[in-house]
Asker: 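Please see the structure below; I have some questions.
Below, read A as the first sequence line, B as the second, and so on, with proteins coming before strands; counting in each chain starts at 1. Predicted model only: the values in this text are computed from it and were never measured.
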Amino acid sequence: MEKILEIKDLGIRFKTDDGIVNAVNGVTLELKKGEVLGLVGETGAGKTTTALAIMRLIQIPPGEIYQGSILFEGREILDMSDKEMQQIRGDKISMIFQDPMTSLNPVRTVGEQIAEVIRLHQKVSAAEAMRKACEMLEMVGIPAERSGEYPHQFSGGMKQRVIIAIALACRPDLLIADEPTTALDVTIQAQVMDLMENLKKEFGTSMILITHDLGVVAEICDKVAIIYAGEILEYGTLEEIYNHTAHPYTQGLFDSVPDLDEDVRRLKPIDGLMPDPTDLPSGCKFAPRCARCTEQCRTMHPDMTVLNGNHGVRCFAALNREG
Amino acid sequence: MLRYTGKRLLQMVFVLLGVSFIIFCLMEITPGDPARQILGPDASEEAVLAMREELRLDDPFAVRYISYIAGVLHGDFGTSYTTKEPVIHELFARYPTTVLFAVLTVLIASLIGIPLGIISATKQYSWVDSLSTSFAMLGVSIPTFWLGLMLMLLFAVKLEWLPATGFYGPIYWILPAITVGLPASAGIIRMTRSSMLEVVRLDYIRTARAKGQTERKIIYGHALENAMIPVITVVGITFGQSLGGQIVTEQVFAVPGLGKLMVEAINSRNYPVVEGGVLLIAFAYCVINLLVDIIYAYLDPRIKSQYSSSVKKRMKKEAAVHEGES
């Protein structure tokens, strides 16, 4: 299958008053057409920064993309002019943002906000754009009559659906969903996930789903990448990650999900905190929290080892090394 | 919206009543005898007493206040002690000048302040930004009388481009309007800049970028429409203050406005003119405040829905119904 997105050795840092924040440190990812990739990690692991880099929405300065490349359909995104990038954003690549409460302009009607992206990328009249905007609203399950209402008249779940409608209005080839369900309650979460699954089935949209919810990943992703302190620790197909977990961090993530069948009195968190991005450990970034940590882990930085086919892990003491 | 406006107009009556009471009390405790002021230091004691009798200054406070309010309600603001003209004529002879002056001030202040504030915010830390923030700093620190005199020295005395005093036509308006408008623009620059800086960091600006919108339309569309509310507030305050007359600037440039009239009236203890003038200023301030609040509603639908509380309740019900369906 054709590759739609290829990220190679991406490095992003931010210069702040507290020092240089190393947000993304050599992320390598690839996504084939029609695939859904789950990008899983804790808060602050660099998930959103990676996503914003694909959209070229990192504020420069204070941000800086100091290394790597992002190829979208074979073209280098980091070398594109602002104008080329504006044509791609919202049309070929779109993004669903994390916080529906603040991601809509409070003084424009939701219809206008959906129509805006249609007008930008398709040569249609204002009236035609509005008609299409209403169609999009219906598609995400909001009655078209409500297109003239303002964001404050909608609930959180409905706002998130409006944001999804904006992202999908131009039928993007690549959809980046940044924790699309985090801000929503569980029933609405299920609706949003259904909507995204339909997209995958009906339009074959390639997606990057950013989340820290392993349940959501299992539901719709084909491939999974585990990101930690700005680095991919493990990647593979859904099956490989879930059934042949190789990295101790990934294992820790699974262990921290409470099992419904067992009588669990206490949750099993991974001890410790994510390292300070202004002062990362020199060896394996997970070493300070890892139960299998050795002297080698503390001093040497492990390379990505390919176990078999598409399953890679960045660990000296990987579990299930046989794959 | 209409109901809200009606409610506000009703509130205004009480505000004005309060203002009139306070100013009446203040005049009461101010030392100085109006009768003595009118007749001069050489007048006999009997003449002063007769004058006090004529002006009904010896009536009890409550009687005078109530009869004043009763007069105001009938459109009678009393007679000026000095000119013997009805106060209302005196005020309206001066007021158009003050209104014109205020409009010019606000125009100059906004036309300088809003664009500079926007540029300052979009090019933060650039040389344009440093320049306009230093200008704003200077603007709030320079006293108007000094600025007025300097401008007068430069443009009227040295260059002889503009007349120094008077207020007879557009060419006379320039110096006084700049004198007040320039410092006023400083506040507008600062407010526009900080408001824009706050808004451009918000998530929906990122959403607009993610749509592929051009930077220009993001700044002048999405960001500006959301950043305007505090700016409108400052513009409204500037306008309201200017409508009260520019006491210092009117003196410097000999502009026959309300400010000058009020200073003269206070000095000569001309109670009816002071009271009428303060009421007029308070009324203008209330009207400007109301207008600003109405503009808010047109800028921000969230505020509009707060104003029309009955509509809000209906919408809440509808939202609940929709929620139930989905």
Asker: Hey, does the side chain of A:Thr102 reach the backbone of B:Asp203 with a donor-acceptor pair shorter than 3.5 angstrom?
Answerer: no
Asker: Identify which of A:Val107, A:Ile88, A:Asp91 forms the greatest number of heavy-atom pairs closer than 4.5 Å to chain B.
Answerer: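 Looking at each of A:Val107, A:Ile88, A:Asp91 in turn, A:Val107 comes out on top.
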Asker: I'd like to know whether B:Glu225 forms a side-chain contact (heavy atoms from CB on, under 4.5 Å) with A:Asn105, so could you lay out the CA-CA distance, the side-chain angles of the two residues, the decisive distance to 0.1 Å, and finally the verdict.
Answerer: CA-CA 10 Å; B:Glu225 66 194 18; A:Asn105 184 341; 2.9 Å; yes
Asker: Heavy-atom distances under 4.5 Å only: say whether A:Ile166 touches chain B with side chain, backbone, both or neither.
Answerer: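 Looking at A:Ile166, just its side chain touches chain B.
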Asker: If we ignore hydrogens and angles and just use 3.5 Å, is the side chain of A:His152 paired with the main-chain N or O of B:Ile303 as donor and acceptor?
Answerer: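 Not confirmed, A:His152 side chain does not pair with B:Ile303 backbone.
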Asker: Which heavy atom in B:Arg209 sits nearest to a heavy atom in A:Leu57, and how many Å separate them?
Answerer: CB-CD2, 3.5 Å
Asker: With a 4.5 Å cut-off on side-chain heavy atoms, are B:Thr207 and A:Gln113 touching?
Answerer: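 Heavy-atom side-chain distance check fails, nothing below 4.5 Å.
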Asker: Any side-chain heavy atom of A:Arg108 within less than 4.5 Å of one from B:His222?
Answerer: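 The answer is yes; the side chains approach within 4.5 Å.
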Asker: Could you tell me which portion of B:Leu299 (side chain, backbone, both or neither) has an atom closer than 4.5 angstrom to a non-hydrogen atom of chain A?
Answerer: backbone
Asker: Report, as yes or no, whether the 6.0 Å neighbourhood of atom CZ on B:Phe283 holds more than 12 heavy atoms from other residues, nucleotides or ligands.
Answerer: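 Atom CZ in B:Phe283 is not packed in, count stays at 12 or less.
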Asker: Which heavy-atom pair separates A:Pro106 from B:Pro301 by the least distance, and what is that distance?
Answerer: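 The pair with the smallest heavy-atom distance is O-CG, 3.4 Å.
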Asker: Are more than 12 heavy atoms, taken from residues, nucleotides or ligands other than B:Tyr298, located less than 6.0 Å from that residue's OH atom?
Answerer: no
Asker: Please classify the contact between A:Gln59 and chain B as side chain, backbone, both or neither, with a heavy-atom cut-off of under 4.5 Å.
Answerer: side chain
Asker: Heavy-atom cut-off 4.5 Å, strictly under: side chain, backbone, both or neither for A:Ser94 against chain B?
Answerer: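 Interface part for A:Ser94: neither.
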Asker: Which atoms of A:Leu52 are under 4.5 Å from chain B, going by heavy atoms: the side chain, the backbone, both sets, or neither?
Answerer: side chain
Asker: Between A:His121 and B:Gly212, what is the shortest heavy-atom contact and its length?
Answerer: NE2-CA, 4.3 Å
